[in-house]
Amino acid sequence: MRRFRSCTCLVLALTMAVSGCGFYEVKPTTIEPGQLTSQPDAKISSPTKAHLKDGGVVLFPNGFEVAGDQIKGLGEQYDLTREHRTLVDHVPLSEVAALEQYEKKLDAVTSTAATTPVVAISVIGAIALFKAIFGSCPTVYSLEGEPQLEAELFSHSISRRFEGKDLDLLSETALRNGGYHLRVANEAPETHYINNLTLEMVDHAAGTRAFPSPDGEILVAEGNAPFTARSRMGENPTAALTARDGAVYRSSPVLVRELADGVVAEDWIDLSIPIPPDKRGQPMVLALRLRNTLMATVLLYDVMLKAQGIHALDWLGEETRNPLSAWRIYRWFDQNYGLRIQSWDGERFVSAASLNPTGPIAWHEVAVTLPPSEGPEARIRISFLPDNWMVEWVGVGYQAVSPATVRSVAAAAVDDLPGHEAERILSPLRENDATYFMTSPGESHTLFFPAEPPAPGAVRTTFLRSGGFYVEWLREDWFKEAGSVTKGPGFQPGSAAIQQTAQLWLEKKTFMEQRFLETKIPLAGDAR
């Protein structure tokens, strides 16, 4: 479902487009200036934008060299107003607030907040935010009453090459004033490029439930079949999986330690489901409520990016745009950090479906159709890398006879803006095409989707269909050991990366789980 892909007004300026220079795909990689001075001389070939502490910006379209306390290269410097341009050949590191990689060709619309000079100068205070570990991806909140976290979008689409499409179930939405209100926020040190946002509604019969499927379809299921569960370690998590009460299944620490020792073996949950005679031969539906742990976040932050130091700029710029390299990374990530569902055919477990990583922020509900069982019992195996997933709930039912009728609704208003200003934001969101709405850290936008009430007696389930990608900023602490990093091959997928990730996960797990949500970047105006 999700492609590999596994934040305050102070830093809105970090993703500003420069007037007269076209739109830029900003792939921000933020570096503390003082840390760069400790590095050996380095050459970066990727186009880079240097944000200055006075609110100005310097573009190095052909990259730059780090030499002593200087960034050297042919650059174009713009002042705070973006009205005055000066050619430069060096910039003192002491004047640089942040560096970010960019692409010159991208049809992206920025918000008006991100182009305000008054905001730009406050980038000086942004360095304090770079220790944030919260991320990655746009977060979505429903606004009927107290804001409720609903979804995180395309959570592992870390570059345009890995652009993803999602379909997320919205569990807390309610009709208000003729429609639905959703807040889309950027709460992490990232730049988000949103390609499409569409509300989808399904009105179905009482007693049935609607879920998104991994391939972006909507399944309607009926019934609630009982089951018993058994884990690889012999545990019985049946009670935890049958109730939506916050109790979750997580892998035993024993399996994570094995992973850290180089034993790459999956954990699993086996389900045994008695099949009534009248349901034999009928397709089954397996529904899951789950989310990733922060293990894949450790992979991205520490193993993929931090380990490369400043050279991660070129890795993000060159390696991920190479189709073959991108395919290798995506395929490896999906095979190892995704979730697999298998059914028993009488002799062995055979593949039935798979889920791409969903992200560590919001609970995600998804359903898959399984082959019908002709016998008195069906067996299903859910397998995954140890401690990479948390499973809160499992539901087993049967495919409804009537297919789902889906109604799609585009957003009709945003942030109470007047028509022409709203249209500028809404236009890129209507279609999954080559146009993007770009958001900066700390921004949020409230979208209104008009809708009529469901028919009498029907139950409505709402979904949000989305597409896009985001780009990570390399935080300050990712470069603390950058001085020892020399140019070499970029991230290499393989069992060594899995082992290293597991080792770091054992070290960082407690701290990251305690601090993750605390490091969300505040939204402008404290709008949450």
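Quick caveat, the model's predicted, so the values are computed rather than measured.
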Those residues that, when tested against Lys508, pass salt bridge (Lys or Arg N to Asp or Glu O under 4.0 Å) (two or more places apart)
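Applying salt bridge (Lys or Arg N to Asp or Glu O under 4.0 Å) to Lys508 gives Asp302.
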
Evaluate the side-chain hydrogen bond (donor to acceptor under 3.5 Å, both in side chains) criterion for residues Ser142 and Glu150: first the C-alpha distance (whole Å), next the side-chain angles of each, then the deciding distance (0.1 Å), finally the verdict.
CA-CA 6 Å; Ser142 57; Glu150 292 278 7; 2.9 Å; yes

For the backbone of [Y] and the side chain of [X], can you confirm whether one donor and one acceptor N or O come within less than 3.5 Å of each other?
X: Arg291; Y: Val391; answer: no
X: Glu190; Y: Cys137; answer: yes
X: Arg379; Y: Gly346; answer: no
X: Arg465; Y: Gly216; answer: yes
X: Ser231; Y: Ile269; answer: no
X: Ser251; Y: Pro386; answer: no
X: Ser272; Y: Thr228; answer: no
X: Asn195; Y: Tyr436; answer: no
X: Ser213; Y: Glu217; answer: yes

[Y] versus [X], side-chain donor and acceptor atoms under 3.5 Å:
X: Thr198; Y: Asn196; answer: yes
X: Ser46; Y: Asp314; answer: yes
X: Thr461; Y: His204; answer: yes
X: Ser383; Y: Glu266; answer: yes

Using every non-hydrogen atom in the two residues, find where [X] and [Y] come nearest and quote the distance to one decimal.
X: Glu374; Y: Arg280; value: O-CD, 3.7 Å
X: Asn292; Y: Met390; value: O-CE, 4.1 Å
X: Glu222; Y: Ala400; value: CD-CA, 4.2 Å
X: Ile498; Y: Tyr337; value: CA-OH, 3.8 Å

Parallel, tilted or perpendicular: which describes the rings of Trp393 and Phe211, with under 30° parallel and over 60° perpendicular?
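Parallel: the ring planes of Trp393 and Phe211 meet at under 30°.
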
What orientation do Phe469 and Tyr193 show, parallel under 30°, tilted 30 to 60°, or perpendicular over 60°?
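The rings of Phe469 and Tyr193 lie parallel, inter-plane angle below 30°.
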
If you count heavy atoms of other groups shown closer than 6.0 angstrom to CZ of Arg244, is the number above 12?
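Count over threshold, so yes.
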
Which is it for Glu146 and Tyr141 under the side-chain hydrogen bond (donor to acceptor under 3.5 Å, both in side chains) test, yes or no, and what are the steps along the way?
CA-CA 10 Å; Glu146 187 70 19; Tyr141 295 83; over 6 Å; no

Stepwise side-chain hydrogen bond (donor to acceptor under 3.5 Å, both in side chains) check, Asn224 with Tyr398
CA-CA 8 Å; Asn224 186 21; Tyr398 300 90; over 6 Å; no

Decide ring-ring contact (aromatic ring centres under 6.0 Å, His included) for Phe437 and His192; before the verdict, give the C-alpha distance in whole Å, the side-chain angles of both, and the deciding distance to 0.1 Å.
CA-CA 8 Å; Phe437 178 59; His192 299 161; over 10 Å; no

Among Leu429, Leu464, Val140, Leu199, side chain to side chain contact (heavy atoms under 4.5 Å, CB included) partner for Leu447:
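So, applying the side chain to side chain contact (heavy atoms under 4.5 Å, CB included) to Leu447 and each of Leu429, Leu464, Val140, Leu199, only Leu429 qualifies.
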
side-chain hydrogen bond (donor to acceptor under 3.5 Å, both in side chains) between Thr462 and Thr173: does it pass, once the steps are laid out?
CA-CA 7 Å; Thr462 56; Thr173 56; 2.6 Å; yes

Distance flag, aromatic centroids of Trp327 and Phe162, threshold under 6.0 Å:
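Aromatic pair excluded; centres sit 6.0 Å or further apart.
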
Would you say the side chain of Ser466 lies within less than 4.5 Å of the side chain of Phe154, judging by non-hydrogen atoms?
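When only atoms from C-beta onward are counted, Ser466 and Phe154 do touch, with a gap below 4.5 Å.
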
